[in-house]
2 protein chains.
Amino acid sequence: MRADLALVGFGNVGRRFATLIDERRTRLRTDFDLDVRIVGISTGRHGATWNASGVDAATAVACAEQGRSLATLHPFDAPADSVDLIARLGRTPGGLRVVIETTVLDIHAGRPAIDHVRAAIAAGCHVATANKGPAAFAFAELRDLARAAGVSFLFEGAVMDGVPIFNLVRENLPAADIIGFRGVVNSTTNHILSALEDGDEFAPALARMQQLGIAEADPSLDVDGWDAAAKTSALANVMMDARMTPRMVKRTGLDEGSAGRARRAMAEGRRLRLVASATRTADGTIDASVEPVELPAGDLLAGLRGQANALVLATDLVGEIAICQLDGSLTQTAYALLSDLVTIRKRAASAAPLR
Amino acid sequence: MRADLALVGFGNVGRRFATLIDERRTRLRTDFDLDVRIVGISTGRHGATWNASGVDAATAVACAEQGRSLATLHPFDAPADSVDLIARLGRTPGGLRVVIETTVLDIHAGRPAIDHVRAAIAAGCHVATANKGPAAFAFAELRDLARAAGVSFLFEGAVMDGVPIFNLVRENLPAADIIGFRGVVNSTTNHILSALEDGDEFAPALARMQQLGIAEADPSLDVDGWDAAAKTSALANVMMDARMTPRMVKRTGLDEGSAGRARRAMAEGRRLRLVASATRTADGTIDASVEPVELPAGDLLAGLRGQANALVLATDLVGEIAICQLDGSLTQTAYALLSDLVTIRKRAASAAPLR
C-alpha cells in the first residue's frame, strides 16, 4: 500500500525522519507492505516544496542544511505554506495520506502543532506529531475529530521519544486500567540533578548543560518544570482520560536551593528527582503534579541519572510496570514517527475499528 | 465475535483466568467485540468437562477447589483427556477457537505444553500458553506450524507474567532490531539475593522463601538457573531468531558461596544479581547465559530487590529500553492469557496478515 507523506516542519527531527524512512524502506515494504513517498515539505524559514511523484529526501535535507529555500527544488509548484501543503495532500488521490508534524512548539499554548493537527484531520489526512502540545492541550477534542473523520491522530514521540509508551498502554494492556503514574520525563533537569549530586552548584551545572547542548539557550521551560508538566498532561489525558491542560498540573521546578537539597538527600540515603505524577482522586478527578521529590535510594526513579527517563504505571490488573529509556537521540524521536506511520498502516489493514 | 475456549490445565493460573474472563466480560465485549465462552476444561487429576453452551467458570472453580472431578458437571459428555478436549474444540463450528494451555511444565523438556500446542494447531485452533516450554524448546517449529495453519501461537505470560514484553517487541518496535538483552527474570533467586544482602546465609534464606511460598518445595529449577535459562532461550528465540534450547544457555546458579559474594559486592558498592543475557556474536550465532554478575550499584538491574524483574533491550534504533515488573501475582499471569486472547481477536479483525 502506498503512503503519501507531507512533512510539516523540517528541523532536526523532520530531516532525521526523512533519512530514516530511506534507510528502512525495504523493511517497511517487506514487513508491512508499506511504500512510503514524501510528496511535500513545508518549513518555517526555508520555504516549501511539492512533488506528487516524490521529493528526494537526501536532496531536500542537503538543501535545508545549506540554508537554501526548498522552493528552489520544484520552483513552479511550491506550496505557499503549511496550510497549502496540507490542503494539497488532502486532494491527493489513493493510498494513505499522512501529515508528519515536527514544528517548533510554543509549549505554553501547544501551537502551532494543534492547528496543524486540526488542519490535517479536516483535510481527511492521518497525522503523526512529535509535539506534546496537541495531546497536552487538546487531546479529547482532537481524538474525537479524528474518529469522526476516520483518520488517526498519533504522537508516540511526545513523551520518552521512541520508547513506545502510548502504544504499550493502548495496544498491550487490553481491558486493564491505568490508576496512576509517576516518572522522570525531563532529561535536562535529570542531568542537572546528577551534576548537583556530583558536587556542582545550580548555576554552573546549568551553564555546563547549555555548553554541552543538553539544555536550551532559554532553559526555563525545562528548569521550571513546564516541559514535564506538558508531558504529564499528555500522559494523563491519554491514559487516564483526564481532560486537563499543562496549567492544571501543580508545578515546582528546580532552583538555586536544589543543590543543597540534592546533596542533603544523598547524604541521608535518598535521591532528589523531578517527579511527574498523576493519580485519580476519590471524586474521580485527576491530581497531577511535577515537583522535586526525595526518593529512597532503592526506588527505580532514584537510580536514573543523566538523560535517563522512566515511567512507572500503576495498573489494576498487572500491578506496577515501569518502562525506561536509558539513552536518547534524534533517531529515537524520528523513529517514534516511523512507528506511528506503521500503526496507521496496521489500522488500514484492519477490517473494523476495535475502539 | 464469539470465542470458544478450551482450558487445558486448571490449576491456580487456569482457574484465575476463568474468573478473570468473567470479571472483564463487559470490557471484552465493549472494547473488542469479543464474546467469550469456556466450552471445555481438562485437568491432570480432576477429570475433564465439556459443554458447548458454556461451562460456568465459578461452578468449575468451586468443583476443582473442593477436589471433585469436573466430569461430574456434565457427566454424559465428559472428554476423556486433553487430546479429546482439543479435538472437540477443533470440531466446534463458527467463531474463534482458542486453546488456553496452563499445565504443569517439565522444564527440562518443555512437555507436555509443546504437545498441547502442536495438537491445538493441528486441530485448527489458536493457542495461548502460560508455559515457557514451547517458546524455549520449539519456537521456530511451532511458529511455522501455526502460520501454515493460519492460527496464532502466543505465550505472553511465559516471561515476566502480564508485562507485555513479547507484544512490545512484536507490535511496537516495528522495523527495528533487537541486538541483545540482559535482565533479571527469576523472582525466587532475586528474593534470595535480597535476603543474602540483608545478612542471611544461603540455606536459611532458601528455607524461609519455601516457608513463604516464594520458592518451590524443590527449588533447584530456580536456584540452579534452569527457569532463567528457559526464559532466556524463549526471549532469544522470539526476539533474535536464535533457534536455541535452554541447554544451549551457559548456566551458573546460586549456591552456598553466593552469600559471601553478595555481601562482598555490596561492601564494595556493587550488587550481585542473577543476570540472564544474550548477544549476537560476530558469526551471527547467539551467545546466551545465566550467571551471577556483580553490577555497579547504579545499574538498573542492581536496583531490583525481592520479586522485581526487569529486562533491558538493546535495539538498533531506540537505544536501550528497559521494562520492569515491580510486583507479581497470579492475576498477572492470568492477565497475560487474556491479553493473548485479545491479540487473537485483533488479528481476526485484520484483513491481511502483516507478518
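It should be emphasised that the depicted structure is a prediction, and the values quoted were computed from it without experimental measurement. In what follows, chains carry the letters A, B, and so on, assigned in the order in which the sequence lines appear, proteins first and then strands, with residues in each chain numbered from 1.
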| said: I'd like to know which of B/Gln325, B/Glu23, B/Arg24 tops the heavy-atom pair count under 4.5 Å against chain A. | reply: B/Arg24

| said: If I measure from the heavy atoms of chain B, does A/Leu34 come under 4.5 Å with its side chain, its backbone, both, or neither? | reply: neither

| message | With chain A as the partner, which of B/Leu168, B/Val342, B/Leu28, B/Leu317 has the greatest number of non-hydrogen pairs under 4.5 Å? | response | B/Leu317

| task | Below 4.5 Å from any heavy atom of chain A, which atoms of B/Asp340 appear? Answer side chain, backbone, both or neither. | result | neither

| Between atom SG of B/Cys324 and atom CG of A/Leu313, what is the distance when rounded to the nearest 0.5 Å? | 11.0 Å

| field | A/Pro174 side chain reached by B/Asp31 side chain, heavy atoms, under 4.5 Å | value | no

| Under 3.5 Å: donor-acceptor pair, side chain of B/Glu320, backbone of A/Leu326 | no

| task | Counting only heavy atoms closer than 4.5 Å, note whether A/Ile321 contacts chain B via side chain, backbone, both or neither. | result | both

| field | For the student: nearest non-hydrogen atoms of B/Glu171 and A/Lys346, plus distance | value | O-NZ, 2.9 Å

| query | Quick one: of A/Ile323, A/Val318, A/Leu341, who has the most non-hydrogen atom pairs under 4.5 Å with chain B? | reply | A/Val318

| message | Please identify, among B/Asp327, B/Thr331, B/Thr333, B/Val163, the residue contributing the most non-hydrogen atom pairs under 4.5 Å to chain A. | response | B/Asp327

| request: Counting only heavy atoms closer than 4.5 Å, note whether A/Ala176 contacts chain B via side chain, backbone, both or neither. | output: both

| message | To check you understand the geometry: which heavy-atom pair defines the closest contact between A/Asn172 and B/Tyr335, and what is its length? | response | O-OH, 4.2 Å

| field | Contact origin within A/Leu20 toward chain B - heavy atom pairs under 4.5 Å | value | side chain

